[in-house]
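For reference, the structure discussed in these notes is given below.
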Amino acid sequence: MVKKILSNGFAYEKNGSVYFDVRKFMEKHKYGELSGRNIDDLLEGTRDLDGQDEKKNSIDFAIWKAVTPSHIQRWPSPWGEGIPGWHLECSAMGTKYLGKEFDIHGGGMDLKFPHHECEIAQNVGAYGHAPVRYWMHSNMLTVNGEKMSKSKGNSFLPRELFAGGHPLLEKAYSPMSVRFFMLQSHYSSTLDFSNEALGAAEKGYRKLGAALTAIKGLSYTSEANANAELVSDLNRLVEECYKNMSDDFNTAKTLAVLFEMSARINDFKSGNVVIASVDATTFEKFKSTYITFMEDVLGLMEDKSINNDLLDGTINVLVELRKKARTDRNYALSDKIRDDLQAIGVQLKDGKNGEINYTIE
RNA sequence: GGUUCCGUGGCCGAGUGGCUAGGCUGAGCUCUGCAAAAGCUCCUACAGCGGUUCGAAUCCGCUCGGAACCUCCA
C-alpha cells in the first residue's frame with residue numbers, strides 16, 4: 001500500500017521513512033472533510049513536536065517509519081527496516097480483510113481526526129476511492145461528570161463493573177444491565193456512569209427481561225372478540241421498532257417502544273387482556289418482534305445467571321409448602337416462608353390462579 | 001488560541017419549528033388474605049438574555065458552564 005501511494009505521487013521518502021504528502025494529495029482530492037477541518041487552520045495551530053523536521057509540511061504523516069536496530073518491532077522494507085505508520089495499519093488491515101470498500105467503520109470520536117481522516121486519504125491515495133460508506137463515531141464516557149482517565153484515577157474496566165469492588169462502584173452490575181444502560185442513550189452522545197444511573201438501568205432491564213421471559217411462555221390459542229384498537233396498537237409498536245432503529249440506530253427510542261410492548265405483554269400474561277382479542281398474525285408478529293429486538297438487535301438476553309437445578313428444586317419444595325399453607329389459610333406460615341426467602345434474596349410472586357413464581361436477586 | 005459538540009423535569013436520557021418520549025424515584029388507585037409483581041393515573045422540564053416566527057426545547061446572536069480534538073505513542 002505504501003508503494004502504491006508512492007507511485008501515485010502522494011508520498012515521499014526521507015531517511016528511510018515514508019511520509020504522506022497532504023499538500024500534493026489536496027491538489028486532486030479532499031482532505032479533512034470527515035472532521036470538517038480547514039488545512040490552513042491546522043498549519044497555524046500546529047505545536048512543536050519531535051521528528052517534524054523530516055516532513056515537508058507539519059500536516060504530513062508517516063506511513064512507514066524507519067526504526068533504530070534497538071527497536072523490538074521492525075520489518076524489512078524497500079526503504080530499510082521499519083514499522084508501518086499508525087494510520088496505515090488500519091487502512092491495510094481494513095482493505096485486506098474487508099475489501100477496498102466496506103459499509104461501516106466505527107470508532108470513538110476522538111479518532112475522527114486525524115486518524116480516520118488519514119485512513120481515508122491513504123485509501124484514496126492508493127486505490128482512488130474512499131474505503132468506507134458510513135462512519136459511526138461513538139462519543140466518550142464520563143464518570144460522575146468527569147472524563148474517564150487513568151491519571152484521574154476514575155477509570156474502571158468492564159470486568160470491574162461486572163464484579164464490583166471498585167472504589168467508585170457501590171455494587172456489581174450485570175453485563176445486561178450495563179448494556180441496557182448504554183443503549184438508553186444515543187451512541188453519539190456522551191454517557192455518564194454513576195451508581196444512581198446504573199441502578200436505575202438495572203431495574204429497567206429487569207422489567208424488559210421479565211417481559212421477555214413472559215412472552216416466550218405465551219402462545220396463541222384462538223380468536224374471539226377482536227379488539228381492533230389493540231390490533232392496530234400492536235402493529236404500530238412493531239413498526240416503530242424498525243423505524244427507530246433505522247433512524248441512525250436510535251436505541252433509546254427503541255427501548256421506549258419495548259417498554260410499551262412489555263406493558264401489553266404483562267396484560268396478556270396476567271389475563272387483564274386475553275390474547276384472543278387479537279388475530280394470530282398480529283400476535284405472532286408482535287411476539288417475534290419483541291424477542292428479535294431484545295435478543296438479536298439490542299443483545300438484551302434473559303439473565304440466566306441463576307441456573308442451578310439443586311437450588312431450583314429446593315426453592316420449589318418451599319413454594320409447594322407455601323401453596324399448601326395458603327390453601328389451608330395458614331397465613332402465618334405462608335408469610336414466614338415468603339419473608340424468610342425474601343431475606344436471603346429470593347422473592348416470591350403470587351399469580352392469580354395460585355401459581356407462584358420467584359426471582360433471585 | 002483554533003475547530004467541533006453539548007447544557008432537557010428530583011435523577012438518567014430521547015426529541016430539531018406546533019402534536020404528553022421512555023426509564024428510575026415519589027404519590028394515588030386496581031388486583032391480592034396481606035405483600036410482591038403487574039396494570040392505570042398524577043408530578044408537564046428544556047442554562048441565561050435578546051432576536052426571527054402566527055407559534056421555538058428545536059432556527060439566529062450574545063453570555064455563562066462543560067466536553068472532545070488540534071497529527072509523541074497507539
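Here the structure is a predicted model, which is why all the values come from computation and not from measurement.
- Place A:Ser189 and A:Ala256 on RNA chain B by their nearest nucleotides, and A:Ser189 ends up nearer the 5' end.
- Dashed line: the shortest gap from a side-chain N or O of A:Lys253 to OP1 or OP2 of B:rG13 is not under 4.0 Å.
- As judged by a 4.0 angstrom heavy-atom cut-off over every strand, A:Asn139 is placed among residues making no nucleic acid contact.
- A salt bridge is absent between A:Asp247 and A:Lys243; no separation between the charged side-chain nitrogens and carboxylate oxygens falls under 4.0 Å.
- Nucleotide B:rC29 forms a pair with B:rG39, judged by Watson-Crick or G-U wobble geometry with both contacts under 3.5 Å.
- OP1 or OP2 of B:rC40 has at least one side-chain nitrogen or oxygen of A:Arg264 nearer than 4.0 Å.
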Could you write out each protein N or O paired with an N or O of nucleotides 26-30 of chain B at a distance under 3.5 Å?
none

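- Because its NZ or CZ atom is both nearer than 6.0 Å to the ring centre of A:Tyr12 and within 45° of the ring axis, A:Lys56 counts as a cation-pi partner of that residue.
- Of the two residues contacting RNA chain B, namely A:Gly199 and A:Lys65, the nearest-nucleotide position lying further toward the 5' end is that of A:Gly199.
- Checking the phosphate oxygens (OP1, OP2) of B:rG15, a side-chain nitrogen or oxygen of A:Asn250 falls inside 4.0 Å.
- One can place CG of A:Leu208 at 9 Å from C1' of B:rG23, the figure rounded to the nearest angstrom.
- When the side-chain nitrogen and oxygen atoms of A:Lys207 are compared with OP1 and OP2 of B:rC24, one or more of them lie within a distance under 4.0 Å.
- In this structure, A:Arg206 atom CZ and B:rA37 atom P are separated by 11 Å, rounded to whole Å.
- Here B:rA14 presents its C1' atom at 13 Å from CG of A:Asp248, a figure rounded to the nearest Å.
- With a cut-off of 3.5 Å on both pairing distances, the Watson-Crick or G-U wobble partner of B:rC69 is B:rG2.
- At whole-Å resolution of the value, CG in A:Asn244 and C1' in B:rG15 are 11 Å apart.
- Taking the C1' atoms as reference points, B:rG13 lies 26 Å from B:rG28, given to the whole Å.
- A straight line from OH of A:Tyr331 to P of B:rU32 spans 12 Å, rounded to a whole angstrom.
- Nucleotide B:rC11: paired with B:rG23 (Watson-Crick or G-U wobble, both distances less than 3.5 Å).
- B:rA47: Watson-Crick or G-U partner is B:rU63, with both key distances under 3.5 Å.
- Nucleotide B:rG23 holds its C1' atom 5 Å from the CZ atom of A:Phe259, rounded to whole Å.
- A straight line from CE of A:Met93 to C1' of B:rA74 spans 11 Å, rounded to a whole angstrom.
- Residue-to-nucleotide contacts include a donor-acceptor pair under 3.5 Å from the side chain of A:Arg338 to the base of B:rC34.
- A:Ile215 places a side-chain heavy atom less than 4.5 Å from the side chain of A:Phe286.
- The distance between atom CG of A:Asp267 and atom P of B:rA37, rounded to the nearest whole Å, is 17 Å.
- Contact annotation: A:Asn272 does not reach the phosphate of B:rG39 (side-chain N/O to OP1 or OP2, under 4.0 Å).
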Got a list of side-chain donor-acceptor pairs under 3.5 Å for residues 158-169 of chain A, not counting sequence neighbours?
{"from": "A:Glu160", "atom 1": "OE1", "to": "A:Leu157", "atom 2": "N", "distance (Å)": "2.7"}

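- Between B:rU25 and A:Lys203, a contact under 4.0 Å exists linking OP1 or OP2 to a side-chain N or O.
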I'd like a list of close polar pairs between nucleotides 41-44 of chain B and the protein, N/O only, cut-off under 3.5 Å.
none

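- Note on A:Ser194: every side-chain N or O is 4.0 Å or more away from OP1 and OP2 of B:rC12.
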